[in-house]
Amino acid sequence: METEFTPWLSLGGGMLIGASAVLLMATNGRIAGISGLTSSIFASSTKGEARGVSALFVLGLLLAAPIWMLVSGSWPQQWVPSSPLLMTVAGLLVGFGATYGNGCTSGHGVCGISRGSARSILATITFMATAFLTVLVARHIIGG
Amino acid sequence: MKQIFAILSGLVFGFGLIISGMSDPAKVLNFLDLFGTWDPSLAFVMGGAIAVTAPGFFWLTRQRSQPFFHTRFHIPTRTDVDPKLLSGAAIFGVGWGLGGFCPGPALTALPIGASGTLIFVPFMLVGMWLARNTPDFGRSKQQGAPS
């Protein structure tokens with residue numbers, strides 16, 4: 001299924017993501033890494049203050065689409081794979097991998113690269129590579 | 001005050017994901033499909049985000065010794081590249097390529113209520129919990145890094 005190339009919306013949305021990362025760092029001193037923030041909510045090692053910041057940030061994320069719906073009158077356009085088995089496996093791998101590897105697209109890909117972190121640059125190259133390969137195999141070798 | 005800014009940051013992040021198209025797995029999967037219906041949009045998302053975050057972080061940490069409503073900047077200090085980092089990233093990438101969701105977009109899309117999202121998010125949380133409770137095998141064995 002084709003999707004429309006949206007360079008300006010994507011650039012603008014990306015800049016908002018960056019603004020959010022700078023805002024969270026400026027006010028709370030935290031890295032806007034979604035896997036880190038989310039998993040810290042239920043990690044026993046997290047201190048109360050950090051858990052509160054994480055939970056509120058995630059609450060903000062969860063409120064974005066409903067507010068979008070209230071203002072614009074329709075949900076954001078999306079298509080989500082519906083196979084229960086596929087989404088079960090994908091969810092487990094994403095949650096486990098991102099947390100085990102200390103970060104996902106936001107923590108390593110945006111915040112880490114912005115800090116010039118070698119760890120984050122290597123992690124981003126790695127997950128990009130396996131993601132490209134996975135789609136290649138799923139769509140053109142198995143699904144071909 | 002810091003609580004309000006924590007929610008606000010999450011909200012702005014969510015709007016960014018929606019506007020950029022990142023919360024739509026169809027666009028993510030097409031970005032990853034170089035040899036098929038390639039949609040390069042998401043390169044612009046990352047570019048735009050880094051273009052704001054890099055100078056923002058640089059300016060912040062130069063100009064201020066602490067955040068506005070907290071005692072210190074919690075910035076990662078590790079510089080070692082270990083098997084745990086790379087194996088975790090590799091596993092994450094496979095899941096991302098299968099479902100088209102990474103953690104932020106999945107949480108943002110959750111209230112929209114697509115059946116795939118309603119399955120993905122709980123299992124993502126289970127995966128996160130498992131990772132938080134998995135020991136670092138690479139520490140003792142020094143293996144497990146992807147080639």
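Letters A, B, ... mirror the listed sequences (proteins, then strands); counts begin at 1. Bear in mind the structure is a predicted one, so any value in this text is a computation, not a measurement.
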* Taking the side chain as C-beta and beyond, is there a heavy-atom pair between A:Phe5 and B:Trp38 under 4.5 Å? -> no
* Point-to-point distance, once rounded to the nearest 0.5 Å, from OG1 of A:Thr99 to CD1 of B:Ile91 -> 11.0 Å
* Value rounded to 0.5 Å, distance of CH2 in A:Trp68 from CG in B:Leu17 -> 11.5 Å
Side chains of residues 41-61 of chain B: which donor-acceptor pairs under 3.5 Å do they make with residues two or more places apart or in other chains?
{"from": "B:Ser41", "atom 1": "OG", "to": "A:Thr6", "atom 2": "N", "distance (Å)": "2.9"}
{"from": "B:Ser41", "atom 1": "OG", "to": "A:Thr6", "atom 2": "OG1", "distance (Å)": "3.4"}
{"from": "B:Ser41", "atom 1": "OG", "to": "B:Lys27", "atom 2": "NZ", "distance (Å)": "3.3"}
{"from": "B:Ser41", "atom 1": "OG", "to": "B:Asp39", "atom 2": "OD1", "distance (Å)": "2.5"}
{"from": "B:Thr53", "atom 1": "OG1", "to": "B:Ala49", "atom 2": "O", "distance (Å)": "2.7"}
{"from": "B:Thr61", "atom 1": "OG1", "to": "B:Phe57", "atom 2": "O", "distance (Å)": "2.7"}
{"from": "B:Thr61", "atom 1": "OG1", "to": "B:Phe58", "atom 2": "O", "distance (Å)": "3.4"}

* To do: Over all heavy atoms of both residues, which pair between A:Gln78 and B:Ser23 is shortest? Give the atoms and the distance, please.
  => NE2-O, 3.2 Å
* To do: Tell me, for A:Leu24 versus chain B, whether the close heavy atoms (under 4.5 Å) come from the side chain, the backbone, both or neither.
  => both
* Do you know the tightest heavy-atom contact between B:Ala89 and A:Ala123? -> CB-O, 3.5 Å
* For B:Leu8 and A:Leu23, what are the C-alpha separation, side-chain angles and deciding distance, and is it a side chain to side chain contact (heavy atoms under 4.5 Å, CB included)? -> CA-CA 9 Å; B:Leu8 195 62; A:Leu23 183 65; 4.2 Å; yes
* Side-chain touch B:Trp129/A:Ser39, heavy atoms, less than 4.5 angstrom -> no
* **Joint cluster assignment, B:Val28 & B:Ile112, ILVMFWY side-chain distance < 4.5 Å** => no
* Structure fact -> Shortest non-hydrogen pair, B:Asn30 vs A:Glu2, comes out as ND2-C, 3.7 Å
* **Contact winner vs chain A - B:Val121, B:Thr117, B:Thr37, B:Leu110, heavy-atom pairs under 4.5 Å** => B:Thr37
* **Members of residues 44-53 of chain A whose heavy atoms come closer than 4.5 Å to chain B** => A:Ser45, A:Glu49, A:Val53
* To do: Using the rule that two of Ile, Leu, Val, Met, Phe, Trp, Tyr join whenever any of their side-chain heavy atoms come within less than 4.5 Å, decide whether A:Leu61 and A:Ile31 are in one cluster.
  => no
* **Max heavy-atom pair count under 4.5 Å with chain A, selected residue of B:Asn133, B:Ile75, B:Leu118** => B:Ile75
* To do: Run the numbers on A:Tyr100 and B:Phe92 for ring-ring contact (aromatic ring centres under 6.0 Å, His included), then give the verdict.
  => CA-CA 9 Å; A:Tyr100 198 65; B:Phe92 161 52; over 10 Å; no
* Structure fact -> Most contact-rich option vs chain B, by heavy-atom pairs under 4.5 angstrom, among A:Ser40, A:Gly107, A:Gly12, A:Ser82, is A:Ser40
* **Considering all heavy atoms, the nearest B:Leu107-A:Leu62 contact** => O-CD2, 3.2 Å
* Pairs of heavy atoms under 4.5 Å with chain A: top-ranked of B:Ile19, B:Ile4, B:Leu130, B:Leu85 -> B:Leu85
* **Atom group of B:Ser115 that falls short of 4.5 Å from chain A, counting heavy atoms** => side chain
* Asked: Using non-hydrogen atoms only, which part of B:Pro76 is less than 4.5 Å away from chain A: side chain, backbone, both, or neither?
  -> both
* Structure fact -> Cut-off 4.5 Å, heavy atoms of chain A, and the answer for B:Arg132 is both
* Structure fact -> Taken to the nearest 0.5 Å, the spacing of B:Phe123 CZ from A:Thr88 OG1 works out to 4.5 Å
* Report the option among A:Gln77, A:Met15, A:His108, A:Met69 that has the most heavy-atom pairs separated by less than 4.5 Å from atoms of chain B. => A:Met15
* To do: Might you work through the side chain to side chain contact (heavy atoms under 4.5 Å, CB included) test for A:Met25 and B:Phe73, ending with a clear yes or no?
  => CA-CA 7 Å; A:Met25 182 57 74; B:Phe73 292 114; 3.4 Å; yes
* Asked: Checking side chain to side chain contact (heavy atoms under 4.5 Å, CB included) for the pair A:Met87/B:Phe101: CA distance, chi angles, key distance, verdict?
  -> CA-CA 9 Å; A:Met87 293 311 267; B:Phe101 270 140; 3.9 Å; yes
* Asked: How long is the span from the CG atom in B:Asp33 to the OG1 atom in A:Thr3, to the nearest 0.5 Å?
  -> 9.5 Å
* Asked: At their closest point, which heavy atom of B:Gly95 faces which heavy atom of A:Val94, and how far apart are they?
  -> C-CG2, 3.4 Å
* Is it true that A:Leu56 and A:Ile17 fall in one hydrophobic cluster, defined by side-chain heavy atoms closer than 4.5 Å? -> no
* Asked: Given the options A:Ile113, A:Leu136, A:Leu133, A:Val110, which has more heavy-atom pairs under 4.5 Å with chain B than any of the others?
  -> A:Val110
* With side chains defined as the heavy atoms from C-beta onward, is the minimum distance between B:Met128 and A:Thr38 less than 4.5 Å? -> yes
* Look at A:Leu93, A:Ile34, A:Thr27 and state which one has the largest set of heavy-atom pairs under 4.5 Å with chain B. => A:Thr27
* **Aromatic plane relationship, B:Phe13 with A:Phe57 - under 30° parallel, 30 to 60° tilted, over 60° perpendicular** => perpendicular
* Asked: If you tally heavy-atom pairs under 4.5 Å against chain A, which of B:Phe5, B:Phe120, B:Phe68, B:Trp96 wins?
  -> B:Phe120
* **No-hydrogen, no-angle side-chain donor-acceptor test under 3.5 Å, A:Asn28 and B:His74** => no
* Start with the C-alpha distance between B:Leu29 and A:Val135, add both sets of side-chain angles, then the distance that settles side chain to side chain contact (heavy atoms under 4.5 Å, CB included), and finish with yes or no. => CA-CA 7 Å; B:Leu29 292 171; A:Val135 172; 4.2 Å; yes
* To do: First locate atom OG1 of A:Thr130, then atom CG of B:Leu98, and finally report the distance between them rounded to the nearest 0.5 Å.
  => 10.0 Å
* Return the option, out of B:Gly104, B:Gly97, B:Ser20, with the maximum number of heavy-atom pairs under 4.5 Å with chain A. => B:Ser20
* N/O donor-acceptor pair under 3.5 Å between A:Ser20 side chain and B:Ser9 backbone -> yes
* Structure fact -> Of the listed A:Ser54, A:Gly112, A:Gly109, A:Gly103, the one with the largest count of heavy-atom pairs under 4.5 Å with chain B is A:Gly109
* To do: Return the option, out of A:Cys111, A:Ser117, A:Ala19, with the maximum number of heavy-atom pairs under 4.5 Å with chain B.
  => A:Cys111
* Look at B:Ala109, B:Gly99, B:Pro25 and state which one has the largest set of heavy-atom pairs under 4.5 Å with chain A. => B:Pro25
* Heavy-atom check, side chain of A:Ile67 versus side chain of B:Phe15, under 4.5 Å -> yes
* Atom pair CG (A:Leu9) and CE (B:Met22), whose distance is rounded to the nearest 0.5 Å -> 15.0 Å
* Asked: Nearest heavy-atom pair of A:Arg119 and B:Arg78: which atoms, and what distance?
  -> CD-O, 3.4 Å
* Does B:Leu32 reach the side chain of A:Thr134, with side-chain heavy atoms less than 4.5 Å apart? -> no
